[in-house]
Number of protein chains: 6
Amino acid sequence: MKRAVTPGTFDPITFGHLDVITRAAQLMDEVIVAVAASAGKKPIFTLEERTVLARQAVEHLPNVRVEPFEGLLVDFARSREAQVLVKGLRAITDFEYEFQMAALNYQLANELETVFIMSPPQYMYLSSSIVRELASFGSPVDMFVPPHVAKALRDKFPD
Amino acid sequence: MKRAVTPGTFDPITFGHLDVITRAAQLMDEVIVAVAASAGKKPIFTLEERTVLARQAVEHLPNVRVEPFEGLLVDFARSREAQVLVKGLRAITDFEYEFQMAALNYQLANELETVFIMSPPQYMYLSSSIVRELASFGSPVDMFVPPHVAKALRDKFPD
Amino acid sequence: MKRAVTPGTFDPITFGHLDVITRAAQLMDEVIVAVAASAGKKPIFTLEERTVLARQAVEHLPNVRVEPFEGLLVDFARSREAQVLVKGLRAITDFEYEFQMAALNYQLANELETVFIMSPPQYMYLSSSIVRELASFGSPVDMFVPPHVAKALRDKFPD
Amino acid sequence: MKRAVTPGTFDPITFGHLDVITRAAQLMDEVIVAVAASAGKKPIFTLEERTVLARQAVEHLPNVRVEPFEGLLVDFARSREAQVLVKGLRAITDFEYEFQMAALNYQLANELETVFIMSPPQYMYLSSSIVRELASFGSPVDMFVPPHVAKALRDKFPD
Amino acid sequence: MKRAVTPGTFDPITFGHLDVITRAAQLMDEVIVAVAASAGKKPIFTLEERTVLARQAVEHLPNVRVEPFEGLLVDFARSREAQVLVKGLRAITDFEYEFQMAALNYQLANELETVFIMSPPQYMYLSSSIVRELASFGSPVDMFVPPHVAKALRDKFPD
Amino acid sequence: MKRAVTPGTFDPITFGHLDVITRAAQLMDEVIVAVAASAGKKPIFTLEERTVLARQAVEHLPNVRVEPFEGLLVDFARSREAQVLVKGLRAITDFEYEFQMAALNYQLANELETVFIMSPPQYMYLSSSIVRELASFGSPVDMFVPPHVAKALRDKFPD
């Protein structure tokens with residue numbers, strides 16, 4: 001049985017993340033969406049809020065569950081007995097960073113394999129930070145995130 | 001059950017390819033190494049030679065088999081009822097090309113998922129063309145390919 | 001009045017090229033699609049065939065005309081009194097090459113401005129060479145090129 | 001008539017920006033230099049100071065005007081009935097970011113075209129942040145910015 | 001006699017830095033490791049701590065010395081009568097930034113040559129920021145930094 | 001004493017190559033310009049012609065000599081007891097290829113150090129292939145190559 005971890009800050013979860021998670025769920029027996037504390041990034045949603053928003057977004061996927069984590073990703077993956085990390089790749093900048101992380105994680109935990117799924121072209125430009133910026137200016141974000149996330153963003157940035 | 005195809009020209013198969021194939025074999029239930037005819041690239045080994053060299057290189061991996069193919073990769077993958085393409089990524093140039101191929105294949109056969117495994121740092125510089133060039137100058141290639149491939153290269157480029 | 005040249009080999013013209021040409025035609029008063037001889041690339045269609053296929057593809061655009069050319073692009077642009085080159089950008093590899101060409105052309109003809117239009121995500125993977133490869137395997141290409149080009153490709157690659 | 005917007009933070013305006021603006025002014029009938037509030041970047045000059053410095057730098061260009069803006073660029077461009085965004089490209093990192101922005105803006109406002117002008121080689125290394133850093137160390141910046149901007153930087157960073 | 005400067009923030013010095021410094025010391029007659037104040041980066045070690053940690057790490061290299069500096073790198077290099085800057089390159093993002101810096105420094109001080117040494121594959125993923133992150137989670141870092149630096153990190157991040 | 005090799009095909013030598021060679025000659029005690037046979041690239045000038053053109057171009061540099069070579073670069077460098085390879089870097093594509101070559105050469109001959117010098121902005125677009133293409137169309141190339149090379153190109157491509 002193959003258990004995978006798909007990590008991220010998910011501040012908030014977007015259709016781009018959901019695309020990667022859905023495809024991971026088709027490839028693997030079990031997928032854990034690991035929501036990183038990422039205190040250094042000063043997320044606009046708390047770790048609990050981000051976990052709840054992600055959980056609601058994947059509740060239709062029976063082999064996917066969502067868990068918050070702090071500390072090193074490889075330690076979390078080990079504690080869950082996952083064999084695989086699944087990451088989405090959007091662009092060259094992603095690629096370089098992910099390459100370094102994959103090499104580092106391989107050194108830290110060589111039993112853990114990292115696989116990459118490329119985002120489809122229509123999600124290439126999509127990131128949580130763009131969604132946050134649009135929402136902060138009061139621009140609609142319904143084409144980028146599920147309805148419950150759009151509502152959470154409107155609550156976070158009232159006019 | 002997950003059946004994957006790992007395509008390539010394999011002219012000849014290197015330790016870099018074997019690394020990707022071995023890791024794919026750990027992730028998937030069954031792996032088909034698909035040796036492309038690639039007539040346009042004018043390979044130095046025939047399609048049959050490349051297939052035999054690859055087959056010998058993976059014979060210790062019980063869930064891996066090697067098959068030659070001509071025509072479109074997505075047609076081959078469909079005919080074998082594979083759900084996944086597994087590709088190795090070494091560098092930015094690879095990344096761009098593979099991104100385009102993944103997007104194209106998604107358009108041609110959206111039931112087929114492409115996943116990428118990054119080559120470990122020590123294989124980043126390794127390619128069949130570098131191995132061929134070294135062999136053509138009589139330089140030893142034992143650190144880059146299995147012994148039976150090194151022998152085939154010496155036979156191809158006698159002093 | 002702004003007259004632009006959009007150069008290429010167009011072997012054959014694709015929906016990706018048409019997207020760039022259409023957008024150039026909205027930005028500029030007049031657009032000349034310049035079909036390069038590109039003898040070194042050994043095109044599968046003759047210069048005349050490529051010119052005719054391109055001409056048919058743009059006949060609905062009143063301010064666009066198609067012309068074959070040999071020699072240096074900057075000499076052609078000068079002879080047509082164009083002030084602008086319009087190029088499509090798909091990927092990093094394009095970017096680097098185009099950057100070098102823009103710097104060279106600026107040195108050769110600094111009155112000629114080069115502007116770039118990025119291809120929309122859905123055309124990022126599309127190139128004439130991919131279309132030729134698909135057609136050579138008998139795969140349908142109707143989603144990538146206009147009907148008259150698809151027919152020309154079927155004639156070029158009969159089963 | 002073609003009206004273009006060239007957006008930026010302009011903290012402060014450099015010869016690299018002026019090169020792009022000047023070339024845009026030759027291509028388009030009217031150019032609006034849009035100075036973004038960019039509160040998140042914590043500029044060293046206020047929005048008003050940046051607007052004034054930019055305005056003085058372009059006063060010799062009759063078809064260019066400078067305006068500050070807050071909020072989404074596409075909303076500003078629409079309110080000014082611009083059909084085109086003109087951006088300068090210096091490097092791969094720019095390219096990736098700009099590609100994502102162009103794709104996003106196309107989704108948000110598909111009547112707005114984004115065109116790119118590559119910076120000439122001599123301005124490739126030039127950025128407002130490098131100019132700010134040089135000025136903060138008391139290094140002369142006269143070769144990178146107009147005299148009135150150099151003076152404003154000296155006032156901002158007295159010895 | 002060739003005197004080189006190898007600049008950095010060294011927060012803290014890693015085996016990747018040491019690899020570059022060691023190779024620079026073989027190429028040049030004298031190497032000055034220049035530890036930048038880098039106040040804007042908010043280093044976790046003070047300038048003095050970083051200088052001492054670097055000094056201990058290179059004490060076995062007779063033609064290498066370590067000095068802190070503030071202000072512009074080219075001014076420091078001039079004051080030490082160095083003819084060469086030696087930088088390590090790990091990745092594309094490095095490359096772009098370093099290219100811009102080399103072009104800028106060439107403009108500011110064209111008697112100063114910048115040369116680059118590529119990091120070996122096993123250090124490609126290694127950076128001070130990754131080391132700091134690992135240490136902050138209590139993860140061992142002995143494979144990435146010398147023992148005295150590992151100890152300093154443990155003191156900085158007690159459990 | 002530091003002896004360096006600067007390898008290339010030099011088909012023909014350009015001002016970009018000369019810039020790298022000149023700067024290498026300032027950094028190193030002795031520089032050998034190694035002209036590769038590169039039979040696979042089908043050069044337009046013979047190995048002897050390329051060697052003579054390069055030799056004339058560097059005759060004013062007392063510590064530089066030009067030699068043709070066949071076979072592996074590392075074998076040539078070893079036979080000349082060189083400790084360093086000096087390469088020019090122009091762009092990302094160069095960077096990737098050179099990174100792979102440096103890693104390969106390090107594996108083949110780890111006593112041989114590779115250092116890179118970035119081309120100044122004004123030579124970034126310059127390559128032998130662009131010069132050949134310009135010359136083949138009868139375009140003047142005097143701003144890109146020394147006079148004796150321009151003459152050799154005119155002789156190679158008479159009108």
Side-chain angles (χ1 to χ4, degrees), chain A residues 1-6 16 18-31 61 63 77 81-126, chain B residues 1-6 16 18-31 61 63 77 81-126:
Chain A
M1 213 209 58
K2 296 298 172 196
R3 181 179 294 145
V5 165
T6 63
L18 281 172
D19 176 81
V20 170
I21 294 165
T22 304
R23 295 198 273 156
Q26 282 159 1
L27 284 173
M28 301 289 158
D29 299 299
E30 209 176 304
V31 172
L61 297 168
N63 62 335
E81 299 180 344
Q83 301 93 335
V84 192
L85 293 180
V86 177
K87 307 296 242 3
L89 277 184
R90 281 171 311 172
I92 298 292
T93 318
D94 279 9
F95 173 81
E96 291 238 323
Y97 176 77
E98 296 296 347
F99 185 94
Q100 292 190 328
M101 281 295 124
L104 174 68
N105 288 337
Y106 184 77
Q107 179 119 349
L108 294 174
N110 73 24
E111 78 285 3
L112 190 65
E113 186 63 74
T114 305
V115 306
F116 296 89
I117 298 177
M118 284 204 199
S119 297
Q122 69 270 28
Y123 292 134
M124 260 195 57
Y125 61 85
L126 187 50
Chain B
M1 212 207 60
K2 295 297 171 197
R3 182 179 292 146
V5 166
T6 63
L18 281 172
D19 176 82
V20 170
I21 293 165
T22 304
R23 294 200 272 156
Q26 282 160 1
L27 285 173
M28 302 288 157
D29 299 298
E30 212 177 303
V31 172
L61 296 167
N63 61 335
E81 298 179 347
Q83 302 91 335
V84 192
L85 294 179
V86 177
K87 308 296 240 4
L89 275 185
R90 281 171 312 171
I92 300 291
T93 317
D94 280 9
F95 173 80
E96 291 239 323
Y97 176 77
E98 294 297 348
F99 184 93
Q100 292 189 327
M101 280 298 123
L104 175 68
N105 288 337
Y106 185 78
Q107 178 120 351
L108 294 174
N110 71 26
E111 79 285 4
L112 189 66
E113 186 62 72
T114 305
V115 306
F116 297 89
I117 298 176
M118 284 203 199
S119 296
Q122 69 269 29
Y123 292 134
M124 261 196 54
Y125 61 85
L126 187 50

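Just so it is clear, the model here is predicted, and its values are computed rather than measured.
Across all non-hydrogen atoms, the minimal contact from I117(B) to E113(A) is CG2-OE2, 3.7 Å.
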* Could you go step by step and tell me if V86(A) and V115(B) meet the side chain to side chain contact (heavy atoms under 4.5 Å, CB included) rule? -> CA-CA 9 Å; V86(A) 177; V115(B) 306; over 6 Å; no
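In this structure, NZ on K2(B) lies 13.0 Å from NZ on K2(A), to the nearest 0.5 angstrom. In this structure, CE on M28(A) lies 5.5 Å from CG on L27(B), to the nearest 0.5 angstrom.
For the salt bridge (charged side-chain N to carboxylate O under 4.0 Å, His left out) condition, no pair includes a residue of residues 114-126 of chain A, sequence neighbours left out.
Every residue was checked against the side-chain hydrogen bond (donor to acceptor under 3.5 Å, both in side chains) condition with N105(B), not counting sequence neighbours, and none meets it.
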